[in-house]
Amino acid sequence: MKSEIQIKVRGYHLDIFAHVNNARYVEFLEEGRWAALEDSHIAKKIIESGHAFTVVNINISYLKPAVVNDILTLRTSLKRIGNKSITLTQEIFKTSKGSEPEIKVVEAEVTFVIVDMKTDRAVPVNDEIRELMYKN
């Protein structure tokens with residue numbers, strides 16, 4: 001599974017130091033995950049089956065600041081699938097301008113489980129979801 005989206009940094013994304021607030025990056029990462037899961041049609045299958053995605057761990061490294069009007073490219077890819085968990089790698093880059101190279105501003109690993117909404121318990125990752133994750 002691989003996905004890429006872009007977000008333009010707006011004034012409301014900034015903190016008092018005039019760069020993107022760390023909490024906003026968490027939201028950007030979530031937007032990237034939803035895009036990836038929707039693109040691969042996994043989100044629809046999970047929701048229709050009475051299940052939900054639940055994040056159980058996020059590790060984020062903040063590398064460089066982003067400021068208003070920067071265009072950020074968010075890349076999401078599959079790292080591993082366990083019996084009950086899925087780990088994604090996510091990176092956020094400032095999009096290059098002219099001859100300037102991309103600059104990585106954030107890297108993250110996000111692990112989530114699929115939860116049965118009736119029992120509120122994690123369920124095994126079934127073969128259909130596993131296949132969709134690897135295919136896309």
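Everything quoted here is computed from the prediction, not taken from an experiment. Atoms considered below: every heavy atom in the structure, side chains included; atoms not considered: hydrogens, waters and symmetry mates.
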Show your working on side chain to side chain contact (heavy atoms under 4.5 Å, CB included) between L72 and T95 and close with a plain yes or no.
CA-CA 6 Å; L72 302 179; T95 304; 5.8 Å; no

For side chain to side chain contact (heavy atoms under 4.5 Å, CB included), just list the numbers for F112 and L88, CA-CA rounded to whole Å, side-chain angles, deciding distance to a tenth of an Å, and then say yes or no.
CA-CA 9 Å; F112 64 91; L88 303 176; 3.8 Å; yes

Would D116 and R121 count as a salt bridge (charged side-chain N to carboxylate O under 4.0 Å, His left out) here? Give the steps.
CA-CA 6 Å; D116 183 315; R121 300 185 65 87; over 6 Å; no

Can you check side chain to side chain contact (heavy atoms under 4.5 Å, CB included) on V9 and R24, steps first, answer last?
CA-CA 10 Å; V9 176; R24 288 294 184 165; over 6 Å; no

Trace of the side chain to side chain contact (heavy atoms under 4.5 Å, CB included) decision for F53 with I86:
CA-CA 10 Å; F53 302 103; I86 298 170; over 6 Å; no

Go through K104 and E107 one step at a time and tell me if the salt bridge (charged side-chain N to carboxylate O under 4.0 Å, His left out) criterion holds.
CA-CA 8 Å; K104 187 186 293 187; E107 58 188 16; 3.1 Å; yes

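Separation of atoms CD1 (I7) and CD1 (I71) is listed at 10.0 Å; rounding is to 0.5 Å. N126 contributes atom CG, which lies 7.0 Å from atom CD1 of I114 (distance to the nearest 0.5 angstrom). Between the NE2 atom in H51 and the NZ atom in K118 there is a gap of 9.0 Å [rounded to 0.5 Å]. For the atom pair CZ of R130 and CD1 of I81, the computed distance is 5.5 Å after rounding to the nearest 0.5 Å. Atoms CD1 and CG, on I92 and L74 in that order, are 4.0 Å from each other to the nearest 0.5 Å.
Using a 4.5 Å heavy-atom cutoff, the side chains of N83 and V125 are not in contact. Considering only heavy atoms from C-beta on, L63 stays 4.5 Å or farther from V106 through its side chain. Taking the side chain as every heavy atom from C-beta outward, R33 and V55 approach each other to under 4.5 Å. Here the side chains of M133 and I42 are in contact, with some heavy-atom distance below 4.5 Å. Looking only at side-chain heavy atoms (C-beta outward), T87 and V110 stay at 4.5 Å or farther from each other. At least one side-chain heavy atom of I60 sits less than 4.5 Å from a side-chain heavy atom of V26. Considering only heavy atoms from C-beta on, E128 comes within 4.5 Å of K45 through its side chain. Here the side chains of F93 and V105 are not in contact, with every heavy-atom distance at 4.5 Å or above.
With hydrophobic clusters built from ILVMFWY side chains whose heavy atoms lie under 4.5 angstrom apart, V68 shares a cluster with V20. By the rule that hydrophobic residues join a cluster once side-chain heavy atoms approach within less than 4.5 Å of another member, Y62 and I58 end up as members of one cluster.
Residue A52 comes nearest to M117 through the heavy atom pair CB-SD, 3.3 Å, listed as atom of the first residue, atom of the second, then distance. Of all non-hydrogen atoms in Y25 and K64, the two that sit nearest each other are OH-O, 4.0 Å. Closest of all the heavy-atom pairs between A108 and L29 is CB-CD1, 3.8 Å. Closest heavy-atom contact between Q90 and G32: NE2-C, 3.9 Å. Across all non-hydrogen atoms, the minimal contact from T76 to A36 is CG2-CB, 4.0 Å.
Aromatic ring pairs are classed by plane angle as parallel below 30°, tilted from 30° to 60° and perpendicular above 60°; the pair H19 and F17 is parallel.
The closest side-chain donor-acceptor pair between T111 and S85, if any, does not fall under 3.5 angstrom. A donor atom on one side chain and an acceptor atom on the other are not found under 3.5 Å apart for T89 and E109.
Within the 3.5 Å criterion, the main-chain N or O of V115 finds no donor-acceptor partner in the side chain of K84.
Applying the side chain to side chain contact (heavy atoms under 4.5 Å, CB included) test to E4 and every residue at least two apart in sequence or in another chain returns T73, R75.
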